[in-house]
Amino acid sequence: MLQVSFIRENRDLVLDGLKKRNFGADELKVIDQILETDIKRKSAQTELDQLLSESNQLSKSIGQMYKNGQRDEADELKKKVTSLKEKTSQLQTTMNEAAHAVQELLYTVPNIPHPSVPKGNSEEENEVFKDLEGPLPVLDGEPLPHWDLAKKYNVFDLDLGVKITGAGFPVFRGKGARLQRALINFFLDEAHAAGYEEFVPPLLVNEDTARGTGQLPDKEGQMYYVEKDDFYLIPTAEVPITNVYRNEILAEKDFPIKMCGYTPCFRREAGSYGAHVRGLNRVHQFDKIEIVQIQHPDRSYDTLHDMLAHVEGLLNKLELPFRILRLCSGDLSFASALTFDFEVYSAAQKRWLEVSSVSNFESFQTNRMKLRYKDENNKTQLAHTLNGSALALARIIACLLENNQTPEGIVIPEALRPYTKFDILN
RNA sequence: GGAAGAGUGGCAGAGCUGGUUUAAUGCACCGGUCUUGAAAACCGACGUACUUUAACGAGUACCGGGGGUUCGAAUCCCUCCUCUUCCGCCA
């Protein structure tokens with residue numbers, strides 16, 4: 001969420017940013033609407049504060065009068081304050097309504113894209129930031145997609161998931177389950193080695209937490225909701241982990257804060273059907289290791305590139321062919337200022353599969369969360385947050401199965417073998 | 001799930017028979033004096049948000065969250081949340 005003060009001081013910049021996000025003339029009106037409503041709020045507050053100040057003064061002297069035994073004069077004053085009260089409660093309502101309206105409008109405004117974000121309408125226009133070195137890998141014979149391989153080697157079972165829960169809840173078993181566990185440990189160890197503190201957070205979060213990272217109110221339908229307790233199942237570890245520092249004021253020396261965590265992720269998303277959502281390409285529950293950083297605004301873009309390097313390192317160790325995309329404005333998520341996607345090429349599906357997304361949210365989340373720090377002048381400023389998948393398991397398993405298939409079985413990459421304790425999955 | 005008690009500024013802790021509390025006091029942190037340096041001592045500053053001001057400053061709100069009573073609420077009432085203790089249930 002953008003700050004009103006920021007919009008006030010950078011109106012044109014905000015408008016340009018929204019135009020880049022393909023806002024039409026009508027949609028852009030929201031900005032001036034916010035500014036006008038905020039002016040209403042301000043003038044109501046100015047007047048209200050004055051009246052409250054006055055009645056505070058009077059109430060105090062009433063107290064004095066009672067002490068001095070000036071009962072009649074006190075009663076006279078009481079009437080005056082009572083009449084003031086009518087006005088103040090009216091102003092209070094005006095102010096609250098205006099403040100609330102500003103808030104609601106702000107929720108509809110996405111983050112301003114970073115200058116480097118290419119303008120575009122859809123994922124077609126994402127920019128290849130770093131391409132795969134060398135030609136696209138080709139597999140001999142007739143490579144199978146991962147859902148066929150999964151059946152062949154009993155890696156996971158979607159039908160069993162349907163029996164136990166419903167569509168989109170894969171059941172991993174045997175070596176598939178062990179591969180899953182190996183990947184989790186591998187990714188966590190790598191994150192730990194890179195200096196990220198590990199968390200095991202709750203998988204259900206309350207409303208404030210879901211709002212803090214921007215899942216509410218915009219993405220309400222994507223989360224599973226437990227009505228009886230008013231909890232949301234997390235769609236990503238980003239939600240509980242970033243909220244660790246909600247409502248905190250940090251010192252400059254606390255930066256950077258590096259956190260990571262493994263959690264299952266739950267997504268209701270009613271996706272489309274067809275090959276693109278087959279198998280593990282899109283499921284309701286999957287496992288993911290998330291890395292999160294809280295950083296000083298001056299250094300958040302350096303940090304973004306550090307995080308990219310971390311994810312690159314993981315994919316290199318897993319020997320998977322990948323490329324990095326810089327998302328165009330049309331594909332950029334609501335809260336992000338700049339996002340890089342990692343895609344692994346599946347030689348079996350002959351398409352690129354998204355396996356990670358690394359973003360800088362700048363102060364968009366921290367404004368909602370009230371996550372601030374004291375700068376060198378002792379002023380409170382909003383910190384920046386960043387996060388990235390490092391990595392999402394289901395998709396990585398799909399990629400490993402498809403790219404590493406041989407007549408003998410699925411070859412486990414060297415780096416994973418100490419974790420799987422087997423070299424080939426067959 | 002049942003019963004009782006409690007939630008106050010970074011921490012500890014007073015206030016809680018409503019009105020010089022604009023939340024005492026101590027500790028911690030920060031600045032200064034002293035010192036070769038440090039400690040101690042002493043002095044000072046020490047919350048957040050918003051409004052207003054060119055600025056100094058002034059004002060308003062906030063004592064777990066929300067609502068209410070009152071001229072006036074940390075203090076009284078309602079409600080929710082959390083914690084502690086006891087009982088019950090349980091991996």
Side-chain angles (χ1 to χ4, degrees), chain A residues 1-9 34-106 200-212 216 225-232 240 243-255 257 264 363 365-383:
Chain A
M1 183 170 70
L2 299 177
Q3 296 182 96
V4 188
S5 57
F6 179 84
I7 297 177
R8 200 186 303 137
E9 287 155 27
I34 288 170
L35 294 176
E36 283 158 23
T37 313
D38 192 50
I39 286 170
K40 263 188 222 162
R41 187 209 104 238
K42 276 189 185 185
S43 67
Q45 188 180 345
T46 306
E47 202 180 336
L48 173 66
D49 283 357
Q50 260 166 16
L51 290 180
L52 283 177
S53 177
E54 203 177 315
S55 61
N56 281 346
Q57 289 285 339
L58 293 177
S59 293
K60 220 170 262 182
S61 39
I62 290 172
Q64 275 302 329
M65 287 173 182
Y66 274 120
K67 260 191 183 161
N68 301 339
Q70 302 162 283
R71 190 158 273 278
D72 295 342
E73 291 173 52
D75 287 342
E76 199 57 36
L77 260 188
K78 268 194 198 177
K79 284 178 197 159
K80 198 171 169 189
V81 183
T82 309
S83 71
L84 267 180
K85 225 186 142 185
E86 278 170 37
K87 272 191 234 166
T88 55
S89 68
Q90 211 170 40
L91 278 168
Q92 188 82 60
T93 308
T94 309
M95 189 184 89
N96 288 348
E97 280 173 359
H100 186 252
V102 169
Q103 190 73 7
E104 290 298 311
L105 290 171
L106 282 173
V200 182
L203 306 181
L204 288 94
V205 296
N206 59 34
E207 194 182 321
D208 284 347
T209 297
R211 183 174 290 111
L216 293 178
Y225 176 57
V226 182
E227 194 170 357
K228 202 165 182 184
D229 297 288
D230 206 10
F231 291 148
Y232 296 86
N243 272 280
V244 165
Y245 287 93
R246 171 158 50 89
N247 271 322
E248 298 282 335
I249 298 179
L250 305 165
E252 286 211 30
K253 64 175 164 55
D254 295 330
F255 293 127
I257 292 175
S363 58
Q365 293 183 324
T366 54
N367 186 36
R368 284 201 187 177
M369 278 194 286
K370 299 290 168 255
L371 197 181
R372 293 154 295 171
Y373 71 97
K374 295 263 193 198
D375 69 10
E376 65 272 17
N377 301 317
N378 217 30
K379 286 226 170 188
T380 49
Q381 308 279 1
L382 294 173

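Note on naming: letters A, B, ... go to the chains in the order of the sequence lines (proteins, then strands), and numbering restarts at 1 for each one.
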Tell me, with the steps shown, if A:Tyr232 and A:Asn206 meet side-chain hydrogen bond (donor to acceptor under 3.5 Å, both in side chains).
-> CA-CA 6 Å; A:Tyr232 296 86; A:Asn206 59 34; over 6 Å; no

To the nearest 0.5 Å, what is the distance between NZ (A:Lys78) and NZ (A:Lys85)?
-> 12.0 Å

Between B:G59 and A:Thr46, is there an OP1 or OP2 to side-chain N/O distance shorter than 4.0 Å?
-> no

What distance, rounded to whole Å, do you find between the two P atoms, one in B:G68 and one in B:C63?
-> 15 Å

Grab the CD-P distance between A:Glu252 and B:C29 for me, whole Å please.
-> 20 Å

Mind listing the residues from residues 79-94 of chain A sitting with a heavy atom below 4.0 Å of RNA chain B? Number order is fine.
-> A:Val81, A:Thr82, A:Lys85

By nearest nucleotide on RNA chain B, pick out whichever of A:Lys60 and A:Lys42 is the more 5' one.
-> A:Lys60

Could you check A:Ile249 against A:Leu77 and say which one's nearest nucleotide on RNA chain B is further toward the 5' end?
-> A:Ile249

How many Å lie between CD on A:Gln64 and C1' on B:C71, as a whole number?
-> 14 Å

A:Asp38 side chain near A:Arg41 side chain, heavy-atom distance below 4.5 Å | yes

For A:Asn247 and B:G10, what is the distance between atoms CG and C1' respectively, to the nearest whole Å?
-> 15 Å

Counting only heavy atoms not in A:Glu227, do more than 12 fall under 6.0 Å of its CD?
-> no

Out of curiosity, A:Lys87 NZ to A:Gln50 CD, how far, rounded to the nearest 0.5 Å?
-> 11.5 Å

For A:Asn56 and B:A61, is the shortest distance between a side-chain N/O and OP1 or OP2 below 4.0 Å?
-> yes

Sorted by chain and residue number, the side chain to side chain donor-acceptor pair (under 3.5 Å) partners of A:Asp254 (sequence neighbours excluded) come out as none

Tell me whether the OP1 or OP2 atom of B:C71 has a side-chain N or O from A:Ser55 closer than 4.0 Å.
-> no

Answer yes or no: does atom NZ of A:Lys370 have more than 12 heavy-atom neighbours from other residues, nucleotides or ligands under 6.0 Å?
-> yes

When rounded to the nearest 0.5 angstrom, what is the spacing between OG1 in A:Thr209 and CG in A:Leu204?
-> 11.0 Å

In whole angstrom, give me the gap between the C1' atoms of B:A24 and B:C46.
-> 16 Å

Measure the distance from CD on A:Gln50 to P on B:U60 and round it to the nearest whole Å.
-> 11 Å

What base-paired stems does RNA chain B take part in, with at least 3 consecutive Watson-Crick or G-U wobble pairs and both distances under 3.5 Å?
-> B:1-7 with B:81-87, B:10-12 with B:25-27, B:30-33 with B:41-44, B:47-52 with B:57-62, B:64-68 with B:76-80

Show your working on side-chain hydrogen bond (donor to acceptor under 3.5 Å, both in side chains) between A:Thr93 and A:Asn96 and close with a plain yes or no.
-> CA-CA 5 Å; A:Thr93 308; A:Asn96 288 348; 6.0 Å; no

Separation between the P atoms of B:G7 and B:G13, rounded to whole Å = 10 Å

Roughly, in whole Å, what's the span from CG in A:Leu52 to C1' in B:G72?
-> 12 Å

For nucleotides B:U52 and B:C16, find the distance between their P atoms and express it as a whole number of Å.
-> 38 Å

Can you tell me, in whole Å, how much space there is between the C1' of B:U69 and that of B:C77?
-> 7 Å

Nearest-angstrom distance, P atom, B:C71 to B:G66 = 23 Å

How far, in whole Å, is B:G19 from B:G10 if one measures between their C1' atoms?
-> 31 Å

A:Arg8 has an atom CZ; how far is it from atom C1' of B:C50, in whole Å?
-> 11 Å

Separation between the P atoms of B:U84 and B:U79, rounded to whole Å | 23 Å

With side chains defined as the heavy atoms from C-beta onward, is the minimum distance between A:Leu58 and A:Leu84 less than 4.5 Å?
-> yes

Has the side chain of A:Gln3 got a donor or acceptor atom that lies under 3.5 Å from a matching backbone atom of A:Asn367?
-> no

For A:Leu48 and B:C62, what is the distance between atoms CG and P respectively, to the nearest whole Å?
-> 11 Å

Whole angstrom value for the distance that separates P of B:U20 from CD of A:Gln57 = 13 Å

Sugar-phosphate only, base, or nothing, as touched by A:Ile62 at under 4.0 Å among non-hydrogen atoms | base

